[in-house]
Amino acid sequence: MQQRIAHVTLVVDDYDKAIDFYTRVLGFELLEDTRLSDTKRWVIVAPKGNPGCNLLLAQAVGEEQTSRIGNQTGGRVAFFLHTDDFQRDFQRLREHNVRIVRGPVEELYGTVAVFSDLYGNLWDLIQPKR
């Protein structure tokens, strides 16, 4: 049996605002945007050329879901974005005024910086050591 995680849900406040951030600022691809109802869409984004897990952008419905926007992991880093060119991607974050929380620093496993997305979710940008 073979299994893989296909999508991870990221709760957002607005589909279009989230699509703009992840595609324009992070350079992800919009893989799918299908309207399911008047208020619900199936929106998937992923890093360009990514054969692995994708983000399912899910617009919050109701008070409980809205309360989770930006803090789905209680303040821990939620997402780990590997890159083959740390400087290129770190510069892109800076050019778009993305909040850098920590770093960049050299660790045993590679170069890493922690940044915050438009909602406050924490991400590690990592260029793993070869």
Side-chain angles (χ1 to χ4, degrees):
M1 181 167 97
Q2 183 181 21
Q3 296 178 322
R4 70 180 180 91
I5 296 174
H7 313 294
V8 174
T9 299
L10 178 63
V11 181
V12 301
D13 67 348
D14 178 83
Y15 288 117
D16 295 321
K17 187 166 79 170
I19 290 168
D20 179 65
F21 178 82
Y22 289 102
T23 59
R24 187 179 55 81
V25 176
L26 294 188
F28 286 15
E29 291 180 286
L30 176 61
L31 301 179
E32 186 172 351
D33 185 357
T34 303
R35 184 167 298 282
L36 302 175
S37 71
D38 287 342
T39 58
K40 189 174 182 179
R41 290 158 57 183
W42 183 260
V43 177
I44 298 176
V45 296
K48 290 183 179 172
N50 177 46
C53 188
N54 303 313
L55 286 180
L56 171 66
L57 303 179
Q59 188 167 297
V61 176
E63 192 175 307
E64 185 173 1
Q65 289 180 15
T66 300
S67 75
R68 303 305 195 270
I69 296 172
N71 192 17
Q72 295 182 172
T73 59
R76 293 192 60 124
V77 171
F79 304 98
F80 299 82
L81 181 60
H82 283 201
T83 179
D84 63 348
D85 187 338
F86 182 89
Q87 290 305 320
R88 174 198 65 214
D89 293 338
F90 187 75
Q91 182 62 33
R92 181 184 191 111
L93 296 175
R94 294 181 61 130
E95 287 170 1
H96 289 281
N97 298 312
V98 172
R99 186 170 73 93
I100 306 301
V101 176
R102 286 189 298 279
V105 296
E106 292 293 326
E107 298 287 356
L108 292 174
Y109 54 86
T111 306
V112 62
V114 178
F115 69 93
S116 172
D117 69 14
L118 75 163
Y119 299 107
N121 295 300
L122 298 180
W123 290 68
D124 271 2
L125 175 65
I126 302 170
Q127 181 172 351
K129 286 193 177 172
R130 303 200 190 283

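Scope of the values below: all heavy atoms of this structure, side chains included, with no hydrogens, waters or symmetry mates. Bear in mind that the values here come from a model prediction, so they are computed numbers and not experimental data.
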What are the two closest non-hydrogen atoms of P104 and A113, and how far apart are they?
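That would be CA-CB, 4.0 Å.
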
If every non-hydrogen atom of L118 is compared with every non-hydrogen atom of K17, which pair is closest and at what distance?
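What the structure gives for the nearest pair is CD1-CG, 3.7 Å.
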
Would you say the side chain of [Y] lies within less than 4.5 Å of the side chain of [X], judging by non-hydrogen atoms?
| X | Y | value |
| --- | --- | --- |
| Q127 | Q87 | no |
| R94 | F90 | yes |
| V105 | V112 | yes |
| V45 | F21 | no |

Under the criterion side-chain contact (heavy atoms from CB on, under 4.5 Å), I'd like the reasoning laid out for L125 against T111: C-alpha separation, chi angles, the key distance, then a yes or no.
CA-CA 8 Å; L125 175 65; T111 306; over 6 Å; no

Output yes when a side-chain donor or acceptor of Q65 lies under 3.5 Å from a complementary backbone atom of V11, and no otherwise.
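Such a contact is absent between Q65 side chain and V11 backbone.
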
Should [X] and [Y] be regarded as members of a common hydrophobic cluster, given that ILVMFWY residues are connected when their side-chain heavy atoms come within less than 4.5 Å of each other, either directly or indirectly?
| X | Y | answer |
| --- | --- | --- |
| W123 | V98 | yes |
| L57 | L26 | yes |
| Y15 | I44 | no |

Does the pair R88 and R92 meet the rule for a side-chain contact (heavy atoms from CB on, under 4.5 Å), with working shown?
CA-CA 6 Å; R88 174 198 65 214; R92 181 184 191 111; 6.0 Å; no

Under the criterion side-chain contact (heavy atoms from CB on, under 4.5 Å), I'd like the reasoning laid out for E106 against K129: C-alpha separation, chi angles, the key distance, then a yes or no.
CA-CA 10 Å; E106 292 293 326; K129 286 193 177 172; 4.2 Å; yes

Surrounding CD1 of I5 (heavy atoms of other residues, nucleotides or ligands, distance under 6.0 Å), is the total greater than 12?
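Counting neighbours around CD1 of I5, 12 or fewer heavy atoms of other residues, nucleotides or ligands fall under 6.0 Å, so no.
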
State plainly whether the residues R41 and D16 are in salt-bridge range, i.e. N to O under 4.0 Å.
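The answer is yes: the pair qualifies as a salt bridge.
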
What's the verdict on side-chain contact (heavy atoms from CB on, under 4.5 Å) for Q91 and E95, showing C-alpha distance, side-chain angles and the deciding distance?
CA-CA 6 Å; Q91 182 62 33; E95 287 170 1; 3.4 Å; yes

So among L30, V12, L10, which one has a side chain to side chain contact (heavy atoms under 4.5 Å, CB included) with V43?
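Running side chain to side chain contact (heavy atoms under 4.5 Å, CB included) over L30, V12, L10 with V43 returns exactly one hit, L30.
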
Got a second to check how far N121's CG is from R68's CZ, nearest 0.5 Å?
13.0 Å

